[in-house]
Amino acid sequence: MRIRREDLERNIASKERRKESEFLLYTDFEQYLSDRYFYDNPDRDFSGKDCFPLIEFKSEYSEHIWYRFHMNDREFEVGKMPSEDCSSRFRNIYLTDTKAINPWKYGTCYGICSEENNSILILPYFNSVRFYELFNVFVCTTSFEDTVDPETFLEQMYYFDEKGRFIKQEKRGNIGLFPDIAVIDNEVIEIKLDGFNVDEVYRYNLFVVCIIDYDNVVRKQVIDNTGNYILDKAYLDVIVRTAEETIFAVDENEIICFDTEGNKKRTYPGFNHIDEVVENGLRIGKKSEKKTDFSIINFNGEQLLKQTYDFVEKCSMNKNFKIFQGNWYSSTGYTDEIDPETEIVQAKLNKIRTDISVHRFHPNGKWGIINENEEIILPGIYSWIEEIGENTFLLNEGGRLLRCSKCIDEWDLDNVDKLIIHGGKWFTYNVLNTKFEATEIEYDSNNFINSVYKIE
């Protein structure tokens with residue numbers, strides 16, 4: 001993994017043959033990398049205020065805030081970009097006036113600044129910079145002119161750690177979910193996962209991969225950064241919770257809770273389905289051809305309910321649970337014919353906004369509430385129950401439930417599924433004083449509250 005000193009010296013010696021590698025800020029680029037070489041600076045942090053502090057100023061030609069920094073007795077100006085890929089600790093910076101500095105380079109050049117010290121961490125020389133926060137590594141790309149074929153540019157990748165130290169350089173390849181190194185406790189760790197189909201990345205040494213078994217079924221396994229299996233076998237589904245150091249694995253007829261070392265903590269016989277990751281836990285199910293029975297476990301693997309229910313949701317503001325008696329995913333009454341009520345609701349919604357589509361939904365049953373001891377607080381007689389306070393619920397009796405999808409981004413067409421309550425009577429219920437009150441609900445301008453739309 002170490003870059004040999006002779007390789008760096010050879011790069012420096014080649015600068016006469018590669019004039020294009022002279023750094024755009026009038027500093028030799030190879031020398032810049034050499035000065036910041038990771039293994040020569042074990043205790044150095046290049047984000048300090050003494051390196052390249054940024055001085056804020058307001059340009060008379062622009063409304064944006066710009067920053068100046070000095071290098072080699074010259075002054076340069078950069079702008080800051082949003083920190084989408086860099087966490088709150090770092091910001092992308094860009095230097096736009098590159099043509100005069102580096103004649104063949106016409107695009108914007110990017111670097112990184114430390115927000116804590118308001119100083120430059122990685123000088124703005126690169127075509128792109130991406131921060132892999134789980135790995136504490138920046139991957140920067142740029143192009144150099146090929147001395148053999150001047151019309152060709154050689155794509156290169158440069159790796160820096162979060163202290164601005166240069167680790168290695170290589171020809172640009174495909175880099176996606178993660179880099180091939182991480183910097184952990186001031187040590188460079190290799191990531192060797194060639195040949196694995198990585199599905200999810202949880203940290204530098206914890207990955208979920210997809211494996212196709214002999215029956216052509218896609219299963220999931222958890223591996224470390226060198227490709228060692230953590231679980232005893234591949235499972236139908238895997239959910240990882242790094243905060244609680246737990247892994248939930250779904251088998252044909254049980255769900256197993258492991259720690260992140262692969263040791264079994266708990267087993268849930270009969271459960272074979274993780275329905276959803278909910279607030280502070282998982283909704284798990286015993287799924288059969290006819291129906292599914294549900295329960296809730298927390299992220300530490302503790303089963304919160306002894307019984308199973310037709311459907312269940314944990315209340316977010318107290319220790320109670322909303323339970324559904326019936327078949328939440330029922331297809332009873334579903335036909336290919338147009339649902340008149342859906343058309344009525346769609347027409348009413350269109351008067352409010354046009355980015356909501358109404359869909360048929362046929363849950364066959366009613367909602368109620370139980371406490372943490374599974375004692376009934378409200379019987380299962382309501383069309384919908386909405387939690388609106390620590391001990392207060394909004395109840396609908398006699399309304400029709402429908403589903404709707406709302407487009408939240410016209411470019412990527414992401415949808416958010418919500419519920420609609422059409423008609424019925426509304427009440428509020430306070431758990432402490434067990435008091436029902438008819439109510440007129442204050443909705444926002446879109447007739448929306450929490451997770452449901454109210455349509456009269």
Side-chain angles (χ1 to χ4, degrees), residues 199 208 210-222 231-241 246-258 264-315 320-336 339 359-370 372-376 379-385 400-403 417 419 451:
D199 184 52
V208 173
C210 293
I211 298 173
I212 300 178
D213 67 11
Y214 295 109
D215 297 323
N216 208 32
V217 175
V218 177
R219 294 178 178 268
K220 293 184 178 182
Q221 172 64 278
V222 183
L231 303 183
D232 56 343
K233 65 176 185 178
Y235 288 85
L236 295 173
D237 195 12
V238 167
I239 300 292
V240 177
R241 293 289 304 181
T246 55
I247 301 171
F248 299 92
V250 180
D251 212 351
E252 275 78 2
N253 201 36
E254 65 179 358
I255 293 177
I256 305 171
C257 177
F258 297 87
K264 286 186 179 181
K265 297 171 64 176
R266 292 180 178 85
T267 301
Y268 311 97
F271 289 95
N272 56 7
H273 173 64
I274 295 179
D275 183 66
E276 188 178 1
V277 179
V278 296
E279 186 173 356
N280 300 322
L282 304 173
R283 181 165 49 239
I284 59 176
K286 294 181 178 180
K287 194 172 185 179
S288 65
E289 292 183 3
K290 294 183 178 180
K291 64 174 298 189
T292 303
D293 296 319
F294 294 95
S295 186
I296 299 284
I297 57 178
N298 64 22
F299 290 135
N300 291 316
E302 300 165 336
Q303 187 169 347
L304 303 181
L305 299 173
K306 296 179 181 179
Q307 303 181 55
T308 59
Y309 297 88
D310 297 327
F311 197 74
V312 60
E313 287 187 349
K314 175 73 174 64
C315 296
N320 298 322
F321 297 84
K322 293 165 53 178
I323 60 169
F324 186 79
Q325 295 175 315
N327 191 343
W328 181 244
Y329 295 118
S330 172
S331 59
T332 302
Y334 181 86
T335 66
D336 292 332
D339 186 339
H359 312 286
R360 283 177 291 183
F361 186 43
H362 296 274
N364 184 20
K366 299 293 182 180
W367 286 93
I369 299 175
I370 60 173
E372 59 182 325
N373 298 318
E374 300 182 67
E375 300 167 334
I376 295 176
I381 60 173
Y382 299 98
S383 300
W384 182 250
I385 298 177
R400 165 80 186 276
L401 271 176
L402 296 166
R403 281 195 181 278
D417 287 330
L419 293 173
S451 65

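Only this structure's heavy atoms are used, side chains among them; waters, hydrogens and symmetry mates stay out.
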Side chains of I296 and L282: closer than 4.5 Å at any heavy-atom pair?
no
Please give me the minimum heavy-atom distance between K314 and N320, naming the atom from each residue.
CD-O, 3.9 Å
Would a 4.5 Å heavy-atom cut-off, applied to side chains only, mark K322 and F311 as touching?
no
G285 to F294 - nearest heavy-atom pair and separation:
CA-CD2, 4.1 Å
Residues E254 and P269: closest non-hydrogen pair is CB-CA, 4.1 Å
Nearest heavy-atom contact between C210 and V218 is CB-CG1, 4.0 Å
Using only atom types and a distance under 3.5 Å, with no angle test, would you say the side chain of N272 pairs donor to acceptor with the backbone of N253?
no
Is D293 salt-bridged to K286, cutoff N-O under 4.0 Å?
no
Output for pair (I385 CD1, K366 NZ), nearest 0.5 Å, gives 11.0 Å
How about K220 and I211: do any of their side-chain heavy atoms sit closer than 4.5 Å?
no
Go through I256 and Y235 one step at a time and tell me if the side-chain contact (heavy atoms from CB on, under 4.5 Å) criterion holds.
CA-CA 10 Å; I256 305 171; Y235 288 85; 3.7 Å; yes
Give a yes-or-no answer on whether the side chains of Y309 and E374 include a donor-acceptor pair shorter than 3.5 Å.
yes
Around atom CD1 of I381, are there more than 12 heavy atoms of other residues, nucleotides or ligands at under 6.0 Å?
yes
Judged by atom type as modelled, is there a donor-acceptor pair below 3.5 Å linking the side chain of R266 to the main-chain atoms of F258?
no
So, does N298 use its side chain to make a donor-acceptor pair with the main chain of N300 at under 3.5 Å?
yes
Backbone N or O of E375 within a donor-acceptor pair of the N373 side chain at under 3.5 Å?
no
Report the C-alpha separation of V208 and V240 in whole Å, then their side-chain angles, then the decisive distance to 0.1 Å, and conclude whether the side-chain contact (heavy atoms from CB on, under 4.5 Å) test is met.
CA-CA 8 Å; V208 173; V240 177; 3.8 Å; yes
Determine, for R219 against D237, whether the closest basic-nitrogen to carboxylate-oxygen distance falls under 4.0 angstrom.
no
Return the CD1 to OG distance between I255 and S295, rounded to the nearest 0.5 Å.
9.5 Å
Donor-acceptor contact present, side-chain R283 to main-chain V312, <3.5 Å:
yes
Close side-chain approach of V278 and E313, heavy atoms under 4.5 Å
no
Does Q303 use its side chain to pair, donor to acceptor, with the backbone of L305 at less than 3.5 Å?
yes
Taking the side chain as everything from C-beta on, heavy atoms only, tell me whether F271 gets closer than 4.5 Å to V250.
no
Candidate pair V238 and D199, rule side-chain contact (heavy atoms from CB on, under 4.5 Å), full reasoning:
CA-CA 11 Å; V238 167; D199 184 52; over 6 Å; no
For a quick test of reading the model, state the closest non-hydrogen atom pair linking A234 to Q221 and the distance between them.
N-NE2, 3.8 Å
With a 4.5 Å cut-off on side-chain heavy atoms, are I247 and L231 touching?
yes
T246 side-chain N/O to F299 backbone N/O, donor-acceptor pair under 3.5 Å
yes
Answer yes or no: are there more than 12 heavy-atom neighbours, outside K287 itself, under 6.0 Å from its atom NZ?
no
Please find out if less than 6.0 Å separates the ring center of W367 from that of Y382.
no
Between the CD1 atom in I274 and the CD1 atom in I239, the distance rounded to the nearest 0.5 Å is 5.0 Å
Spatial distance of atom CD (E302) from atom SG (C257) [nearest 0.5 Å]:
9.5 Å
Rounded to the nearest 0.5 Å, how far does CD1 of I369 lie from CD1 of I376?
11.5 Å
Where is the tightest heavy-atom contact between G380 and Q325, given as atom of each residue plus distance?
CA-OE1, 3.3 Å
